Amino acid sequence: MTIRHLDHADTLRLPVTGGPFNFRHTVWKPSHYDTPLEAHTADRSWRTFRVGDLVVGVRLMCEDRTVVADIYTDGDYKPTHREWLRTRLTTSYGLNEDISVFTALAEQVPAMRGPLTALAGMRQSCPEDHFEISVIALLLQNMTIAGTARMTRALLAHHGILVHFDGVTLRAWFTPVEIAQVTAETFKQQDRLGYRAKTLPHLAAFFRDHTPEDLHGENLMEKFQEIKGIGSYTAAVMASHASRDPSVFGIDVWNRKIFARTILRAPDADAEVITHRMNALFPGHAGTAALYLVEHDYLSTPVAPLLDPSGISAWNQALEAPTA
């Protein structure tokens, strides 16, 4: 695959509001599996975005209560792209969201003392748009983290874009239009998606035919479940992350036991029991509470540890190696 070299085009300075802010744990989550879409060291992060047909690389750093975003691209970068990125980055990392109500609720719950101490100021992060997070949610269905990571790498290697900027090599997402004509058979045989191969074309068609304006308002989970192959868990992940609904969270076999152990002091519990208890303890903010509980559980053994700067060269070489 040909590498696109992206040049520096802009620098955005994004103010942080709404109480304490934890840059590192906002942009990097210990529970998130390794993808070639982003890379993180202790003090900076790199991420790719699609702005329509434009491919963009972003380097993120933090100065006091300002996130500094250096923008790289090889396309025709316009003022409209600048404003889109300013809004997208601010929203993706919750830079203008007030988490003080959640914090006040969490301080009253003993199980939240550890998470609040370790992760104070962490915001939800979702740099993916609705389509991109729907693909991730689909790949998480009934699958181990290792299996989901493998399928993600395959999809991005075969259908994404390889880019290099600021000394780092990453991959960028494909758009719904770009893969709308890819068949379920290709997804099954080439990308080894299993039964998910039948759903991905439906996802691509849905997001190809719906604008971002169509995906706001009430009943978003119901709308997502109209897509063939999308159930309540996947719809909850899509709604809670991309739409930043702090009250919604998905429960799967992996995080269910975390919630049962921390909130109910039990080895396991039914999803309905967990949901009822979380909503009672954190009305309107159960999704944020779930985020803190999960990330704290993975903090000592992160799925994808931070990169040592000396390891970036090896990271680049691995991505730039020919893909079968």
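Index from 1, following the sequence. Please read these numbers as outputs of a predicted model, since none were measured by experiment.
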task: Decide yes or no on side chain to side chain donor-acceptor pair (under 3.5 Å) for Ser100 and Asp98, but give the supporting numbers first.
output: CA-CA 6 Å; Ser100 61; Asp98 187 352; 2.6 Å; yes

task: Check step by step if ring-ring contact (aromatic ring centres under 6.0 Å, His included) holds for Phe206 and His202.
output: CA-CA 6 Å; Phe206 177 88; His202 295 297; over 10 Å; no

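- By the 6.0 Å contact criterion, NE2 on His276 is open, its count of non-hydrogen atoms from other residues, nucleotides or ligands being 12 or less.
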message: For a side-chain contact (heavy atoms from CB on, under 4.5 Å) check, start with the C-alpha distance between Val163 and Val55, then their side-chain angles and the critical distance, and finish with the verdict.
response: CA-CA 9 Å; Val163 302; Val55 180; 3.7 Å; yes

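- Residues Leu200 and Val135 form a side-chain contact, since some pair of their non-hydrogen atoms from C-beta on lies under 4.5 Å apart.
- Put simply, Phe49 and Val67 are part of the same group of oily side chains (I, L, V, M, F, W, Y) that touch within less than 4.5 Å, one to the next.
- For the pair His164/Arg4, no side-chain contact is recorded, criterion being any heavy-atom separation below 4.5 Å from C-beta on.
- The shortest distance between side-chain heavy atoms of Thr148 and Thr144 does not fall below 4.5 Å.
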task: Tell me, with the steps shown, if Tyr195 and Gln141 meet side chain to side chain donor-acceptor pair (under 3.5 Å).
output: CA-CA 10 Å; Tyr195 74 86; Gln141 285 184 4; 3.0 Å; yes

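- Between Thr80 and Val51 there is no side-chain heavy-atom pair separated by less than 4.5 Å.
- Residues Val58 and Leu319 are members of separate hydrophobic clusters, defined by side-chain heavy-atom contacts under 4.5 angstrom among Ile, Leu, Val, Met, Phe, Trp and Tyr.
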- request: Output, in order, the C-alpha distance, side-chain angles, deciding distance and verdict of side chain to side chain donor-acceptor pair (under 3.5 Å) for Asp191 and His159.
  value: CA-CA 10 Å; Asp191 304 311; His159 310 288; 2.9 Å; yes

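- Relative ring orientation between Phe224 and His130 is described as tilted, the plane-to-plane angle lying within the 30° to 60° band.
- When atom types are taken as modelled, the side chain of Asn255 and the backbone of Ile258 share no donor-acceptor pair closer than 3.5 angstrom.
- In this view, Asp297 and Arg261 satisfy the salt bridge (Lys or Arg N to Asp or Glu O under 4.0 Å) rule, not counting sequence neighbours.
- A centroid separation of less than 6.0 Å is found between the aromatic rings of Phe249 and Phe259.
- Note: Phe23 CZ to Arg44 CZ = 9.5 Å, rounded to the nearest 0.5 Å.
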query: When you look at Leu162 and Thr2, which way does the side-chain contact (heavy atoms from CB on, under 4.5 Å) test go after all the steps?
result: CA-CA 7 Å; Leu162 191 64; Thr2 303; over 6 Å; no

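- Cluster annotation: Val294 and Val303 are assigned to the same hydrophobic cluster (Ile/Leu/Val/Met/Phe/Trp/Tyr, side-chain heavy-atom contacts under 4.5 Å, transitive).
- Side-chain contact of His8 with Thr11: a donor-acceptor pair under 3.5 Å is present, judged by distance alone.
- For the side-chain contact (heavy atoms from CB on, under 4.5 Å) test, residues two or more places apart in sequence or in another chain that qualify with Arg65 are Val16, Phe21, Arg123.
- Rounded to the nearest 0.5 Å, atoms CH2 (Trp28) and CG (Asn22) are 10.5 Å apart.
- Under a hydrophobic clustering in which Ile, Leu, Val, Met, Phe, Trp and Tyr are joined whenever their side-chain heavy atoms come within less than 4.5 Å, directly or via other members, Leu299 and Ile145 fall into the same cluster.
- Checked against the 6.0 Å centroid threshold, Phe102 and Tyr292 count as a close aromatic pair.
- Here the CE atom belonging to Met112 is positioned 9.0 Å from the OG1 atom belonging to Thr288, to the nearest 0.5 angstrom.
- With Trp46 as the partner, the side-chain hydrogen bond (donor to acceptor under 3.5 Å, both in side chains) test is satisfied by one option alone out of Thr41, Thr169, Asp166: Asp166.
- The CH2 atom of Trp173 sits 11.5 Å away from atom CZ of Arg50, with the distance rounded to the nearest 0.5 Å.
- In this structure, Asp64 contributes its side chain and Thr66 its backbone to no donor-acceptor pair below 3.5 Å.
- Atom OG1 of Thr152 and atom CE of Met143 lie 10.5 Å apart (nearest 0.5 Å).
- Put simply, OG1 on Thr262 and CD1 on Ile274 are 8.5 Å apart, with the number rounded to the nearest 0.5 Å.
- A salt bridge links Arg88 with Glu132: at least one charged nitrogen is closer than 4.0 Å to a carboxylate oxygen.
- The backbone N or O of Ala271 lies less than 3.5 Å from no partner atom in the side chain of Arg256, so there is not a single donor-acceptor pair.
- Using a cut-off of 4.0 Å between Lys/Arg side-chain N and Asp/Glu carboxylate O, Arg47 and Glu128 are scored as salt-bridged.
- By the criterion of side-chain heavy atoms lying less than 4.5 angstrom apart, applied directly or through intervening Ile, Leu, Val, Met, Phe, Trp or Tyr residues, Met278 is grouped together with Ile99 in one hydrophobic cluster.
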query: Stepwise, does the side-chain contact (heavy atoms from CB on, under 4.5 Å) test hold for Met151 with Arg192?
result: CA-CA 7 Å; Met151 291 186 290; Arg192 298 168 58 198; 5.7 Å; no

message: Apply side chain to side chain donor-acceptor pair (under 3.5 Å) to residues Asp10 and Tyr77 and explain how you reach the verdict.
response: CA-CA 9 Å; Asp10 197 3; Tyr77 185 72; 2.8 Å; yes

